[in-house]
Amino acid sequence: MEYVYAALILHSAGKEITEDGIKAILEAAGVEVNEARVKALVSALEDVNIEEAIEKASFAVAPAPAAAPAAAPAEGAEEEKKEEEEEEEEKKEEEAIEGLGALFG
């Protein structure tokens with residue numbers, strides 16, 4: 001993931017996405033750089049319109065949790081609510097990951 005983030009940082013800064021640029025960002029972050037992964041990423045992003053990919057991959061931000069009601073619900077109902085919220089969050093994360101896949105064509 002950090003390799004994609006490095007490419008997005010370069011894009012956001014208006015710089016060309018190059019092997020040297022990605023390596024510099026990763027090294028500055030203290031990440032051990034894998035040359036093959038850097039080359040593969042740069043190659044994969046060569047013909048990708050990143051702005052368009054970001055627009056397609058964008059997803060709605062999860063709403064803030066509601067304030068706790070005055071009377072506490074039964075424990076069983078509370079557990080079910082937590083499970084449902086976790087499932088929704090997992091689905092949103094999966095959708096986000098699928099959207100990032102568009103960056104690689």
Side-chain angles (χ1 to χ4, degrees):
M1 240 10 217
E2 56 271 354
Y3 291 81
V4 174
Y5 291 145
L8 289 174
I9 289 171
L10 288 170
H11 174 75
S12 177
K15 308 253 183 197
E16 184 178 352
I17 298 173
T18 63
E19 291 178 28
D20 290 335
I22 290 175
K23 284 191 277 188
I25 290 172
L26 293 173
E27 289 170 353
V31 175
E32 188 175 326
V33 179
N34 179 327
E35 297 283 335
R37 288 181 72 184
V38 172
K39 286 182 182 185
L41 177 63
V42 171
S43 176
L45 293 176
E46 227 169 58
D47 297 323
V48 174
N49 181 337
I50 295 177
E51 284 299 319
E52 184 179 312
I54 290 172
E55 287 176 18
K56 287 182 181 179
S58 65
F59 55 95
V61 176
E75 282 186 34
E78 189 174 319
E79 288 179 16
E80 280 185 44
K81 197 178 231 185
K82 285 182 182 179
E83 288 178 13
E84 288 176 9
E85 289 174 1
E86 289 175 3
E87 288 176 10
E88 287 181 31
E89 190 172 318
E90 287 177 11
K91 284 182 185 179
K92 289 179 182 179
E93 288 176 4
E94 289 174 4
E95 290 172 1
I97 292 171
E98 289 174 6
L100 286 175
L103 290 174
F104 299 103

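Starting from 1, each residue takes its place in the sequence as its number. As the structure is a computational prediction, the values presented were derived from the model and not from experiment.
- Of the residues listed (Asn34, Leu41, Val33), the one engaging Arg37 in a side chain to side chain contact (heavy atoms under 4.5 Å, CB included) is Asn34, and it is the only one.
- Separation of atoms CD (Glu27) and CG (Asp20) is listed at 9.5 Å; rounding is to 0.5 Å.
- The CE atom of Met1 sits 8.5 Å away from atom CG of Leu8, with the distance rounded to the nearest 0.5 Å.
- Closest of all the heavy-atom pairs between Ile25 and Ala6 is CD1-O, 3.5 Å.
- Rounding to the nearest 0.5 Å gives a distance of 6.0 Å between OH of Tyr3 and CG of Leu26.
- His11 and Ile54 get closest at one heavy-atom pair: CD2-CD1, 4.4 Å.
- Minimum heavy-atom separation, Ala7 to Leu45: CB-CD1, 3.7 Å.
- The minimum heavy-atom distance between Leu10 and Glu16, with the atom names listed, is CD1-O, 4.1 Å.
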